[in-house]
Amino acid sequence: LTVEDLKKLEALVLDPELSTEQACQATFALAKYYENHQEYAKAFAHYQSANINKPAVNFNPDNYQKKCQAIIDTFDEACMDVKANERHLSATPIFIVGLPRSGSTLIEQILSSHSQVEGTMELKIIPAIARQVFHKSIEKNQNASGSLAKFSARELAQYGDIYLQESEIYRREGLPFFIDKLPPNFQHVGLIKKILPEAIIIDARRKPMACGFGIFKQHFGSGHEFSYDLGNIAFYYKQYLKLMNHWQHVLPNEIFLCQYESLVANTEQMVKDLLAFCQLPFEAKCLSFHENRRAVRTASSDQVRQPINRKGLDTWKHYREDLSPLANALGDDVLKDYQAFIES
């Protein structure tokens, strides 16, 4: 931005004719300008203002906690014992799950640079199937318990077939693997493995403070109602951890934890481990993922056009004092556990 552009943007933010959504977008842009120019106090003030302009009116922490606990109660070890029978798939899905701003687009770009893997987009098919399964469970159980005990392996396979049929329109290259990168699918890992036991699950995870601040300073066009309040972001992060710990317990060795900081620090080894988990041979072009010209429609589209680097790893530290509500809400246990994981 030129000085003249900056003046126009500052004036635009104050324009009373702007809609709330327009004011929100303009203020996020102004905050990013100040961050790029290392004026961190001004940047945070505008990030905060931008988030206030888009209040999280639809996010209820109590309701979300109940939802996550209901998922854990439903998909226990006994539930996960009954799955669709494994079969040969013409295309095996690789699900990348996690939180926004956790490195999921980077992982997608690395994998889609492989000759056997097709990148698609953030598919909404699994959440739709989850709703179908829940409504069917009400019919079977005559209650809203969500129990899947009355679903046979054959019925579960039918839902897997629905997924494969509906995702086919997004698969144009006919490759043996394809990526479904919808981060909130971390809520549906159990269902995915019941209807598609062949599916590969990658958990994209990033340091809580860096991830939390990345979410806070990102304008989302829709959804992610939790993202406009630091306390809600911390709450959501902890619910995500709770669910992923549960999936690791009931699905041991079936989820690859791809930790962003490790991917940056030891790229080649992490890429080799990631490909091995996906049962793919190593290909050097996965390391030059930034040369992949496929369309990227997420907030990380610019970053994945660059070689892997440490930019952004510690940006949050410039705002350490302002982000104390995030750190306090996350709690010492979450922060220390993650740091111990990095160091191990």
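The first residue in the sequence is number 1, and the count goes up from there. Just so it is clear, the structure is predicted and the values come from calculations on it, not from any experiment.
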Taking everything shown except [X] itself, do over 12 heavy atoms lie less than 6.0 Å from its [atom1]?
| X | atom1 | result |
| --- | --- | --- |
| Gln279 | CD | no |
| Asn253 | CG | no |
| Lys7 | NZ | no |
| Lys242 | NZ | yes |

Quiz item: Taking 4.0 angstrom as the limit, do Glu4 and Lys8 come out as a salt bridge?
Solution: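 No, no charged N to carboxylate O under 4.0 Å.
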Quiz item: Is the closest basic N to carboxylate O distance between Lys42 and Glu10 below 4.0 Å?
Solution: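 A salt bridge is absent here (no side-chain N lies under 4.0 Å from a carboxylate O).
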What is the distance from atom [atom1] of [X] to atom [atom2] of [Y], rounded to the nearest 0.5 Å?
| X | Y | atom1 | atom2 | value |
| --- | --- | --- | --- | --- |
| Phe28 | Ser49 | CZ | OG | 9.5 Å |
| Asp273 | Met270 | CG | CE | 6.5 Å |
| Lys181 | Glu122 | NZ | CD | 4.0 Å |
| Ile110 | Ser288 | CD1 | OG | 10.5 Å |
| Asp229 | Asn51 | CG | CG | 8.5 Å |
| Leu30 | His46 | CG | NE2 | 4.0 Å |

Quiz item: Going through the checks in order, is the salt bridge (charged side-chain N to carboxylate O under 4.0 Å, His left out) test met by Lys238 and Asp333?
Solution: CA-CA 11 Å; Lys238 291 198 287 187; Asp333 288 348; over 6 Å; no
Taking the six-membered ring for Trp, is the centroid-to-centroid distance between [X] and [Y] below 6.0 Å?
| X | Y | answer |
| --- | --- | --- |
| Trp247 | Phe186 | no |
| Tyr64 | Tyr236 | yes |
| Phe44 | Tyr47 | no |

Exercise. Would you check, one step at a time, whether the test side chain to side chain contact (heavy atoms under 4.5 Å, CB included) holds for Ser167 with Leu123?
Key: CA-CA 8 Å; Ser167 63; Leu123 307 181; 4.2 Å; yes
Taking atom types as modelled and ignoring hydrogens, do the side chains of [X] and [Y] form a donor-acceptor contact shorter than 3.5 angstrom?
| X | Y | answer |
| --- | --- | --- |
| Asp322 | Tyr40 | no |
| Arg205 | Tyr240 | yes |
| His219 | Glu21 | yes |

Do [X] and [Y] have side chains that get closer than 4.5 Å, going by heavy atoms?
| X | Y | value |
| --- | --- | --- |
| Met209 | Lys317 | no |
| Ser102 | Tyr237 | no |
| Gln158 | Ile162 | no |
| Glu118 | Arg172 | yes |
| Lys217 | Glu35 | yes |
| Cys258 | Ile96 | no |
| Ile179 | Tyr170 | no |
| Ile255 | Met244 | yes |

[X] and [Y]: which non-hydrogen atoms are nearest, and at how many Å?
| X | Y | value |
| --- | --- | --- |
| Ala91 | Arg171 | CB-NH1, 3.4 Å |
| Gly160 | Arg87 | C-NH2, 4.0 Å |
| Asp203 | Gly98 | OD1-CA, 4.3 Å |
| Pro197 | Lys194 | CD-O, 4.1 Å |
| Leu323 | Trp316 | CD1-O, 3.6 Å |
| Ser147 | Thr74 | CA-CG2, 4.5 Å |

Flag yes if [X] and [Y] sit in one hydrophobic cluster, no otherwise; membership is Ile, Leu, Val, Met, Phe, Trp, Tyr, and two members link when side-chain heavy atoms are under 4.5 Å apart.
| X | Y | value |
| --- | --- | --- |
| Leu182 | Val117 | no |
| Ile200 | Leu175 | no |
| Leu335 | Leu99 | yes |
| Ile138 | Leu148 | no |
| Ile169 | Phe95 | yes |

Measure from the side-chain N and O atoms of [X] to the backbone N and O of [Y], and report whether any donor-acceptor pair falls under 3.5 Å.
| X | Y | result |
| --- | --- | --- |
| Asn185 | His188 | no |
| Glu261 | Lys207 | yes |
| Asn245 | Leu241 | yes |

Practice problem: Take Leu313 and Tyr260, measure what side chain to side chain contact (heavy atoms under 4.5 Å, CB included) needs, and give me the verdict at the end. | Solution: CA-CA 9 Å; Leu313 275 182; Tyr260 180 74; 3.5 Å; yes
Quiz item: Using the ring of each side chain (for Trp, its six-membered ring), is Phe226 parallel, tilted or perpendicular to His224, with breaks at 30° and 60°?
Solution: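 Answer is perpendicular, since the angle exceeds 60°.
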Practice problem: Report the C-alpha separation of Phe216 and Leu326 in whole Å, then their side-chain angles, then the decisive distance to 0.1 Å, and conclude whether the side chain to side chain contact (heavy atoms under 4.5 Å, CB included) test is met. | Solution: CA-CA 10 Å; Phe216 187 68; Leu326 176 64; over 6 Å; no
Self-check item: Phe151 six-ring centre to Lys136 NZ/CZ under 6.0 Å and within 45° of normal
Solution: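 Not flagged: Lys136 not positioned over aromatic ring of Phe151.
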Practice problem: Carefully, step by step, assess Lys272 and Leu275 under the rule side chain to side chain contact (heavy atoms under 4.5 Å, CB included). | Solution: CA-CA 5 Å; Lys272 287 179 177 178; Leu275 293 175; 6.0 Å; no
